[in-house]
Amino acid sequence: MELKRLRHVVAVADEKNFARAAERVHLSQSALSRSIQAAETELGVQLFDRGTIEVTATPAGNFFIERARKLLFDSRCLQRDIELYRSKQIGDLAIGVGPFPAATLLPMLMPELRQHFAGVNLRVEVNNWEYLAEHLRNEELDFFVADTRDLPPGQDLDINLLARQRGGFFVRAHHPLLSKSRRLPADILQYGLASVRLPQAIRKALAQLLGLPANASLPIALECDDVLTLKRAALESDTILAAINAAVADEIQRGQIVPLVIDGIPTMHSEVGIVSLRGRSHSPVALFVIGRFKELAELHARQ
């Protein structure tokens, strides 16, 4: 039965008069009467006793009207919630973020979302691309943002590059290497390298520059997907940090961390992309967040 007919039945029950009920639902009295008769025929019960003074619901009518009211209420709530959902005022969003975007883009985005979309429930997973891809495929995430160079192309994923974030090597102020006029790749091995999980292409390139045997793995003294932990290690030891520039911009400005130029090592970068399941539609709030990630990534890429 259509919701429109339910509204007709409830109007008659409330007004106890066909003329007043017809005016309320913007129908002629004869059209409303036909609608009620059609409802009774469809249900196989009589809903109203038509008295000379007023219309009263039958026992079957009372049983039906109680449930009709609930259906109409739920319909109004659904319509309201859809409007709120479209305007990004309610909903759920689960996103994944790689270590460097989590350290640079996420802190700028989260306060904005909480301030303007307080009714949206957010869940954020910070991890490496391999973990995030698995959880995306399990439909536990709406999308994720991470370095995508090692992500194997698959027919089930859409990968959209956001920006290249420049990076390099960094050490604490007064690090012993800063007093050397020339620094060589082998110096990295002496002091140890701290980094998130590096893409295979960078691992191989660094291993070659370090003069390691063919197929030898790059020795990383501290591998951790928590950038704060990596920075703390670099600040309080002689460990060399490999990171994107934006991740250490504040420490550089305060004079705590210094870029380390090493002869023979080309400029490094991180290729940050948005990864989502192919063919899956995004909610309005997800589309907004993706758009803001793009804007913030472009801003950092220009720095």
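One-based numbering along the sequence shown.
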Side-chain heavy atoms nearer than 4.5 Å, only ILVMFWY residues, links allowed to pass through others: does that put Leu177 and Leu189 together? yes
Step by step, would you call Arg137 with Glu139 a side chain to side chain contact (heavy atoms under 4.5 Å, CB included)? CA-CA 5 Å; Arg137 287 189 168 105; Glu139 299 187 29; over 6 Å; no
Any ion pair linking Arg182 and Asp263 (charged N to carboxylate O, less than 4.0 Å)? yes
Around Arg50, counting heavy atoms of other residues, nucleotides and ligands shown, do more than 12 lie under 6.0 Å from its CZ? yes
Does Arg203 pair with Glu223 as a salt bridge, N-O distance under 4.0 Å? yes
I'd like to know if the side chain of Lys204 reaches the main chain of Pro199, judged simply by a donor and an acceptor atom lying under 3.5 Å from each other, with no hydrogens or angles considered. no
Kindly indicate whether the side chain of Ile36, heavy atoms from C-beta on, has any atom under 4.5 Å from the side chain of Phe18. yes
Is there side-chain contact between Pro99 and Asp226, with heavy atoms separated by less than 4.5 Å? no
Here the pair of heavy atoms bringing Ile262 nearest to Pro185 is CG2-N, 3.5 Å
Do Val258 and Ile188 share a hydrophobic cluster, counting only Ile, Leu, Val, Met, Phe, Trp and Tyr and linking them when any side-chain heavy atoms are less than 4.5 Å apart? yes
Can you tell if the side chain of Phe169 reaches within under 4.5 Å of the side chain of Leu193, non-hydrogen atoms only? yes
Using the rule that Ile, Leu, Val, Met, Phe, Trp and Tyr join whenever any side-chain heavy atoms are under 4.5 Å apart, tell me whether Leu222 and Leu198 fall into a single cluster. no
Charged N to carboxylate O below 4.0 Å: is that the case for Asp142 and Arg280? yes
Distance-only, no hydrogens or angles: does the Ser237 side chain make a donor-acceptor pair with backbone N or O of Ala233 under 3.5 Å? yes
Rounded to the nearest 0.5 Å, what separation is found between the CG atom of Leu260 and the CG atom of Asp187? 8.0 Å
Here's a test for you: under side chain to side chain contact (heavy atoms under 4.5 Å, CB included), which of Thr104, Val227, Ile257, Leu230 qualifies with Val248? Ile257
Does the pair Arg197/Glu130 count as a salt bridge with the N-to-O cut at 4.0 Å? yes
Which atoms form the tightest heavy-atom contact between Ile65 and Ala13, and what is the distance? CD1-CB, 3.5 Å
Can you name the closest pair of heavy atoms from Ala102 and Pro107 and give their distance? O-CD, 3.1 Å
Rounded distance [0.5 Å steps], OG in Ser179 versus NE2 in His174: 12.0 Å
Test log, rule side chain to side chain contact (heavy atoms under 4.5 Å, CB included), inputs Asn138 and Leu136: CA-CA 5 Å; Asn138 291 337; Leu136 177 68; over 6 Å; no
So does Asp14 pair up with Arg69, basic N to acidic O under 4.0 Å? yes
Only residue of Asp150, Asp225, Asp147 satisfying side-chain hydrogen bond (donor to acceptor under 3.5 Å, both in side chains) with Asn128 is Asp225
When you measure from the side chain of Arg278 to the backbone N and O of Gln155, does any donor-acceptor pair fall under 3.5 Å? yes
Note: Ala221 and Gly192 closest approach over all heavy atoms is CB-CA, 3.8 Å
Ser276 and Asp158 side chains, donor-acceptor separation under 3.5 Å: no
Can you confirm whether Leu122 sits close enough to Val120 that some side-chain heavy atom of one is under 4.5 Å from a side-chain heavy atom of the other? yes
Using modelled atom types only, decide if a donor and an acceptor are shared between the side chain of Asn160 and the backbone of Val275 within a distance under 3.5 Å. no
How close do Val289 and Leu93 get, heavy atom to heavy atom, and via which atoms? CG2-CD2, 3.7 Å
Step by step, would you call Leu6 with Leu3 a side chain to side chain contact (heavy atoms under 4.5 Å, CB included)? CA-CA 5 Å; Leu6 295 182; Leu3 291 174; 3.8 Å; yes
Side-chain donor-acceptor contact under 3.5 Å, Asp49 with Gln46: yes
Under the ring-ring contact (aromatic ring centres under 6.0 Å, His included) definition, can you give me all pairs with a residue in residues 104-134, not counting sequence neighbours? Phe117-Phe288, Tyr131-His135
Spell out, as yes or no, whether a donor-acceptor pair under 3.5 Å connects the side chain of Arg183 to the backbone of Val261. yes
Quick check: closest heavy atoms across Ala39 and Arg5, and the distance to 0.1 Å? CB-CD, 3.7 Å
At what distance, to the nearest 0.5 angstrom, does CG of Asp92 lie from CG of Asn121? 4.5 Å
Among Arg7, Glu40, His8, find the residue that satisfies the side-chain hydrogen bond (donor to acceptor under 3.5 Å, both in side chains) test when tested with Ser35. His8
Between the side chain of Arg114 and the main-chain N/O of Glu112, is any donor-acceptor distance below 3.5 Å? no
Within one Ile-Leu-Val-Met-Phe-Trp-Tyr cluster: Leu141 and Leu113, side-chain cutoff 4.5 Å: no
Strictly below 4.0 Å, N to O, side chains only: are Arg20 and Glu23 in salt-bridge contact? no
Which distance, rounded to the nearest 0.5 Å, do you find between the CG of Leu287 and the CZ of Phe143? 9.0 Å
Check whether any side-chain heavy atom of Phe293 sits under 4.5 Å from a side-chain heavy atom of Leu105, and report yes or no. yes
Derivation of the salt bridge (charged side-chain N to carboxylate O under 4.0 Å, His left out) call for Glu298 and Lys294: CA-CA 6 Å; Glu298 290 170 359; Lys294 290 180 179 178; over 6 Å; no
Does Leu151 belong to the same Ile/Leu/Val/Met/Phe/Trp/Tyr cluster as Ile202, with side-chain heavy atoms less than 4.5 Å apart forming each link? no
Taking the six-membered ring of Phe64, is NZ or CZ of Arg67 closer than 6.0 Å to its centre and within 45° of its axis? no
Could you tell me if the side chain of Val272 sits less than 4.5 Å from the side chain of Leu161, heavy atoms only? no
Is the closest side-chain heavy-atom distance between Gln29 and Arg34 below 4.5 Å? no
Please determine if Lys70 and Glu66 form a salt bridge, counting it only when a charged side-chain N lies under 4.0 Å from a carboxylate O. no
Rounded distance [0.5 Å steps], CG in Asn17 versus CZ in Arg24: 12.0 Å
May I ask you to test the Ser195-Leu241 pair for a side-chain heavy-atom distance under 4.5 Å? no
Side-chain (Thr58) to main-chain (Gly61) donor-acceptor, under 3.5 angstrom: yes
Please list all pairs meeting ring-ring contact (aromatic ring centres under 6.0 Å, His included) that have one or both residues in residues 183-213, counting only residues at least two apart or in different chains. His175-Tyr191
What's the spacing between Ile95 CD1 and Arg123 CZ if we round to 0.5 Å? 10.0 Å
Go through it in stages, so that I can follow the logic: the residues are Leu157 and Leu277, the test is side chain to side chain contact (heavy atoms under 4.5 Å, CB included), and I'd like the CA-CA distance, side-chain angles, deciding distance and then a yes or no. CA-CA 5 Å; Leu157 298 179; Leu277 289 175; 3.9 Å; yes
